[in-house]
Amino acid sequence: MNLRELTWPLRMYWDLSGTFPDPGLCLKICSELVEIKILFLYLRVGSPAANGCCNDILGRLKGGNTRVSVTVSDLAILSSVLGQVDRTSLKLLLAEASSLHDVWSLIELAGREGKEESPFGISFEITQENFHEVPDVVSYCAENGIRDLVFPIQRLETGKSVFCVSRTDREEISRGLEGLDYSKLRLTIHDPFLWKIFFPDADYHEGGCQAANSMIYISPLYKVWPCPAMPVELGDLYETCLKDIILSEGKKRLRSVLLNSPGECAACDSSEKCLGGCRGRAYAMTGSLTVSDPACR
Amino acid sequence: MRAFRNPDVLWREEDESKAQAYEELEKGEDVEAIGTSVLFSDGVMLSLNLIATEIWKLCDGRDVNEIIADLTGRFEVDPDVLSKDATTFLSELKQKGFIYYED
């Protein structure tokens, strides 16, 4: 059925800033979020100073139809959130880890909470430094009561180095996963090529780049991007309301570009479903929205 | 067997598309290809047309016959075709884990 292109996104990624907390603007955005019926809100709290905004948002959305997950960036914030936030409006709490050592620390903290199942999941951003730890992280989470393990969408910026898991890296991870039982883990994997390692026999469910379609992103500076991994500014929430940004001609033009597979994918059997992989990563690495994801090569 | 929506499935009706579908229906046009709602669960997104959306909304504890009876009263469709289509659609929803049955 022809609802491939949505008027309003289903999922919103929102990184809250501690440097620029703006409770008034946050609540205004929340009202719009309810109005346009966002189904999932993924909040990322990058500093203790952003906790106040996080609580305000959770309070505003409590009892509504939007399911909220919160990712916190360090142990101090995690402890604070575990103690302060009204958990009834929170679907999922995730703690960020960037190494196996971080995962150990978090699991130890979860153990101190005295629960059989951890009260929070792990968000593990894969980098050049830690990609080889992925099988150990999966194994350790599976064995220690962590139910949710997320490999989050990278926050990419043009001009900065971008890491993507190469074919060789993926083979290494794949070998490391052999024989592991992670069936009880609820995995969320945004990178289509990484996803394929875990689910080699299934088609990637996203069905092409969803930037500015089913997803939208609000940066810590209240800029609206199509996706955390696509550093293309669609609008500034200090100047334009969220609804107008989503309905803008700029957003429509972007979607018309993303709906076409890059020319270099023409001969590929997967191009109809994949539509060029992560187009944000391709843009961040090459400056072009019409080239394929370099991770494919 | 009574059909229930899986509470883990998040969904919403798409107001603009729904209005468009009813407009086309008034004109006697085929609205099968117009998606009027989206369902989302575990990363899987389903788009449903007008009739499928109404079936989904009726999965609130009714059995298949009650669902079909409700729709036959509201839409000009052949009851036999509707019954066959609705049964197939409900099986797909069940298989995907979007609904469950209880006695």
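Throughout, protein chains are lettered first and strands after them, A, B, ... in sequence-line order, and every chain is numbered starting at 1.
Here the CG atom belonging to A:Leu10 is positioned 6.5 Å from the CZ atom belonging to B:Phe40, to the nearest 0.5 angstrom. If you take CG on A:Leu39 and OG on B:Ser41, they are separated by 11.5 Å, rounding to the nearest 0.5 Å. Distance check: A:Thr66 OG1 to B:Arg12 CZ gives 10.0 Å after rounding to the nearest 0.5 Å. Here the CG-CD1 distance, from B:Leu10 to A:Ile38, works out to 11.5 Å after rounding to the nearest 0.5 Å.
No more than 12 heavy atoms of other residues, nucleotides or ligands shown are found within 6.0 angstrom of CG on A:Asp269. Heavy-atom contacts from other residues, nucleotides or ligands closer than 6.0 Å to NZ of B:Lys57 number more than 12.
At distances below 3.5 Å, at least one donor-acceptor pair connects side-chain atoms of A:Arg67 with backbone N or O atoms of B:Asp8. Checked by atom type and distance alone, the side chain of A:Lys37 never pairs as donor or acceptor with a backbone atom of B:Glu14 at under 3.5 Å.
Contact annotation for A:Leu187: neither backbone nor side-chain heavy atoms come within less than 4.5 Å of a heavy atom of chain B.
Under the ring pair (Phe, Tyr, Trp, His ring centres under 6.0 Å) criterion, B:Tyr100 pairs with B:Phe4, sequence neighbours left out.
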